[in-house]
Amino acid sequence: MATPSSRNTEPLSTAAAPHDDDLDEVRTALDHGIEERVYIAISSALLGGKLRPNMQLRERNLAEVFGCSRGVIRKVLARLGVEGKLVLKHNRGAFVPCPSAEDMRQVYYARRVVETGIVTMLCGQLSPKQIKQLQQHVQAEELAFKQLRRDASIHLAGEFHVLLAQMVDSEELLAFIKRLVAKTELYKALYDPAEFVSCAPKNISRLSKH
């Protein structure tokens, strides 16, 4: 029988200590989780009309609210800036966009031109599976609208057009549509009355007949 003096007396904490690489992976995963949570929260506030045009989003204040580092906030603001949901001004910070009527007119014009081509390409080419996918999406949008979930309703309305672009199977086209839709989603949140946030067709089943 082994005596106490012959046993391995190495402290468990030392024997089981994780490597630096493991700790880095854990930190990265935690930062990514916090970053995604902050991104979703700010996006929801934007689409819910809770942030008004020209409002400044300050890194220090947001870091305190979300209990995270300013580095995480900076990444989220940069991501929203790339999507066109925020305006990033050098040495001044991030601001909620305040587009002019002409800015919005140009973006909607671009969408009308591009999406006319998308619908033309898809007309008569949709599979039963794709039609069902569109029907389910519209049902989800209508439910969000009825439940007065403004941010979800606006997002789903925009995603319907992204879904159509995905069915064309062109990565460049999809990226372009995503940028346009992100901008118009924000325009609707900032300026449209609540009763006009839904743009779902009343009868998506008509798609199967064309």
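Other residues, nucleotides and ligands contribute more than 12 heavy atoms inside 6.0 Å of the CD atom of Q147. More than 12 heavy atoms of other residues, nucleotides or ligands shown are found within 6.0 angstrom of NZ on K85. Enclosure of atom CE in M121 is not indicated, since only 12 or fewer non-hydrogen atoms of other residues, nucleotides or ligands lie within 6.0 angstrom. Summarising the local packing, CD of E102 is surrounded by more than 12 heavy atoms from other residues, nucleotides or ligands at distances under 6.0 Å.
The backbone N or O of Y39 lies less than 3.5 Å from a partner atom in the side chain of S43, making a donor-acceptor pair. Put simply, the side chain of Q130 gets close to the backbone of S127: a donor and an acceptor are under 3.5 Å apart. Side-chain atoms of R111 never come within 3.5 Å of backbone atoms of V181 as a donor-acceptor pair (strictly under, hydrogens ignored). Using a distance-only test at 3.5 Å, with no hydrogens or angles considered, no donor-acceptor pair links the side chain of S44 to the main chain of I40.
Using a 4.0 Å cut-off between charged side-chain N and carboxylate O, E83 and R179 make no salt bridge. A salt bridge does not link E185 with K188: every distance from a Lys NZ or Arg NE/NH1/NH2 to an Asp or Glu carboxylate oxygen is 4.0 Å or more. Between K178 and E159, no side-chain nitrogen of the basic residue sits less than 4.0 Å from a carboxylate oxygen of the acidic one, so the salt-bridge criterion is not met.
No side-chain heavy atom of Q133 sits under 4.5 Å from any side-chain heavy atom of K129. With a 4.5 Å cut-off on side-chain heavy atoms, L134 and V138 do not count as touching. Under the 4.5 Å side-chain criterion, counting only non-hydrogen atoms from C-beta, L174 is not in contact with V168. The shortest distance between side-chain heavy atoms of P97 and Y187 does not fall below 4.5 Å. L156 places none of its side-chain heavy atoms less than 4.5 Å from the side chain of E142. Using a 4.5 Å heavy-atom cutoff, the side chains of V107 and T184 are in contact. The side-chain heavy atoms of L86 and F95, taken from C-beta on, include no pair separated by under 4.5 Å.
For the atom pair CD1 (I42) and CG (L77), the distance works out to 5.5 Å, reported to the nearest 0.5 Å. The CG atom of L46 lies 6.5 Å from the CG atom of L80; values are rounded to the nearest 0.5 Å.
Heavy-atom minimum distance, R150 versus G48: CD-O, 3.7 Å. Between E35 and V72, the shortest heavy-atom distance links the atoms CA-CG1, 3.8 Å.
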Considering only distance and modelled atom types, tabulate donor-acceptor pairs under 3.5 Å from the side chains of residues 49-58, sequence neighbours left out.
from : atom 1 : to   : atom 2 : distance (Å)
R52  : NH1    : G49  : O      : 3.1
R52  : NH2    : L190 : O      : 2.8
Q56  : OE1    : R58  : NH1    : 3.4
Q56  : OE1    : R58  : NH2    : 3.2
Q56  : NE2    : R92  : O      : 2.7

Where do I34 and F66 land on the side chain to side chain contact (heavy atoms under 4.5 Å, CB included) test, with the steps shown first? CA-CA 9 Å; I34 294 172; F66 290 105; 5.7 Å; no

